[in-house]
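Working notes, structure below.
Remember, it's 1-based here, ligands and their atoms both numbered in the order they're listed. What's counted below: heavy atoms across the whole structure, side chains too, no hydrogens, waters or symmetry copies. The model shown is predicted, which means the values in this text are computed figures rather than measured ones.
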Amino acid sequence: MSLFDLTGKVAIVTGSSRGIGRAIAEQMAVQGAKVVISSRKAEACQEVVDAINARHGAGTAIAVAANISSKDDLQRLVDETNRAFGKIDVLVCNAASNPYYGPMSGVSDDQFRKVLDNNVISNHWLIQMVAPQMIDRKDGSIIIVSSIGGLRGSPTIGVYNISKAADFQLARNLAVEFGPHNVRVNCIAPGLIKTDFARALWEDPERYKQSTQGAPLRRIGEPIEIAGAAVFLASAASTFMTGQAMVVDGGVTI
Ligand SMILES: NC(=O)c1ccc[n+]([C@@H]2O[C@H](COP(=O)([O-])OP(=O)(O)OC[C@H]3O[C@@H](n4cnc5c(N)ncnc54)[C@H](OP(=O)(O)O)[C@@H]3O)[C@@H](O)[C@H]2O)c1
């Protein structure tokens, strides 16, 4: 059996209607997992579900629309997953927000709170909803998609970076709490990836050059290049790894 096989596993991936989350859900389905596609827009999620089911068979994927800023939505996401698939083995907290660009001096309290709510507190909510069943079964993998921003200072995305640094600490705390129950919690820290989220940083050729000239691989990443890390962290390939941040950034932070 492959160490990366996910046959029989059920995975929720937030923010999986496009970008990194979609690539993660697709690659987990390739490895045999049942996947739950979620974002704010039901229609966009259904398109991804249809593509996955066409490739891997009806019933491989379902769509559950949920806004990560709503506790009720997240509870419904968990309840509908349990109803459809009976359990949750893998949780990928991938969706996040970055509504403010600029120095710390310019951020409003509401903007700062929104970033912390969506990128940290909502992950905490969802994890607390899913962890009890993982703890009961003594098996589970929780993955938070953080960012290399959480490892660095920034004059422009500093607020977002604070939230991503908090995600590293959330994973460490929960890894300590859940470790005795064989539930693992890890982060992925992507560098710049070609998605809508980071469009401003790669679409303009001048910005692209700035973003990549110091990068050892001299390019930005594709969503699928993050998916492998998520499959690894979800699978038997990583059963001795918990509390860590896996940097996947083309070498930028070295
Ligand atoms: N791209 C990069 O360079 C980069 C680098 C480091 C880390 N990251 C991290 O990677 C993760 C995914 O980003 P991405 O680049 O793949 O972004 P993306 O392509 O813009 O996709 C974001 C996904 O999240 C969903 N989403 C956004 N707000 C949501 C909300 N409030 N509730 C539920 N779903 C929501 C979006 O769908 P809807 O709009 O339909 O809700 C979409 O499915 C984020 O945590 C981001 O911080 C990205």
Side-chain angles (χ1 to χ4, degrees), residues 12-27 35-49 51 61 63-78 91-101 113-123 125-126 143-152 154 156-168 170-171 187-203 207-208 211-212 215 219-227 229-230 245-250 252-253:
I12 290 179
V13 185
T14 66
S16 45
S17 64
R18 59 176 192 267
I20 292 170
R22 178 177 183 156
I24 289 173
E26 285 174 343
Q27 290 306 311
V35 291
V36 180
I37 307 302
S38 189
S39 86
R40 289 166 298 185
K41 300 185 191 100
E43 219 171 275
C45 293
Q46 193 55 47
E47 271 175 43
V48 178
V49 165
V64 183
N67 188 331
I68 53 166
S69 62
S70 159
K71 210 172 195 174
D72 289 344
D73 278 15
L74 293 178
Q75 190 60 59
R76 199 171 34 74
L77 172 60
V78 170
L91 171 64
V92 185
C93 297
N94 167 72
S97 301
N98 187 15
Y100 173 72
Y101 187 86
R113 282 199 192 96
K114 185 84 193 158
V115 173
L116 295 178
D117 279 348
N118 277 3
N119 300 2
V120 186
I121 310 279
S122 78
N123 291 344
W125 286 342
L126 187 53
I143 301 161
I144 302 171
V145 179
S146 176
S147 168
I148 59 166
L151 299 167
R152 314 171 96 187
S154 167
T156 51
I157 55 166
V159 172
Y160 168 82
N161 286 1
I162 287 172
S163 73
K164 293 299 188 174
D167 282 331
F168 294 140
L170 183 61
C187 287
I188 300 172
L192 186 54
I193 305 296
K194 197 171 183 184
T195 69
D196 290 344
F197 191 79
R199 189 172 286 279
L201 298 175
W202 54 262
E203 203 165 45
R207 290 295 293 276
Y208 184 92
S211 304
T212 54
R219 64 176 178 87
I220 67 171
E222 298 290 334
I224 196 167
E225 294 182 287
I226 301 303
M246 206 172 158
V247 174
V248 186
D249 70 346
V252 164
T253 48

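The distance from ligand 1 to the heavy atoms of A66 drops below 4.0 Å at these ligand atoms: 32 (N), 33 (C). Each of the atoms 24 (O), 34 (N), 35 (C) of ligand 1 lies under 4.0 Å from some heavy atom of A95. Residue V145 has at least one heavy-atom neighbour below 4.0 Å for each of these atoms of ligand 1: 9 (C), 10 (O), 11 (C), 45 (O). Within ligand 1, the atoms closer than 4.0 Å to a non-hydrogen atom of A198 are 1 (N), 2 (C), 3 (O), numbered from 1 in the order shown.
For I20, a nitrogen or oxygen atom sits less than 3.5 Å from a nitrogen or oxygen atom of ligand 1, counting backbone and side chain alike.
Closest of all the heavy-atom pairs between S147 and F168 is O-CZ, 3.3 Å.
Annotation: atom 47 (O) of ligand 1 to nearest protein heavy atom, Y160 OH, 2.5 Å. Looking at atom 44 (C) of ligand 1, its nearest protein heavy atom turns out to be N94 O, 3.1 Å.
Neither the backbone nor the side chain of R22 has any atom closer than 4.0 Å to an atom of ligand 1 (non-hydrogen atoms only).
For R207 and E203, the salt-bridge test fails: no basic side-chain N is under 4.0 Å from an acidic carboxylate O. By the 4.0 Å N-to-carboxylate-O rule, K114 lies too far from D117 to be salt-bridged with it.
A donor-acceptor pair under 3.5 Å is formed between the side chain of T14 and the backbone N or O of N94.
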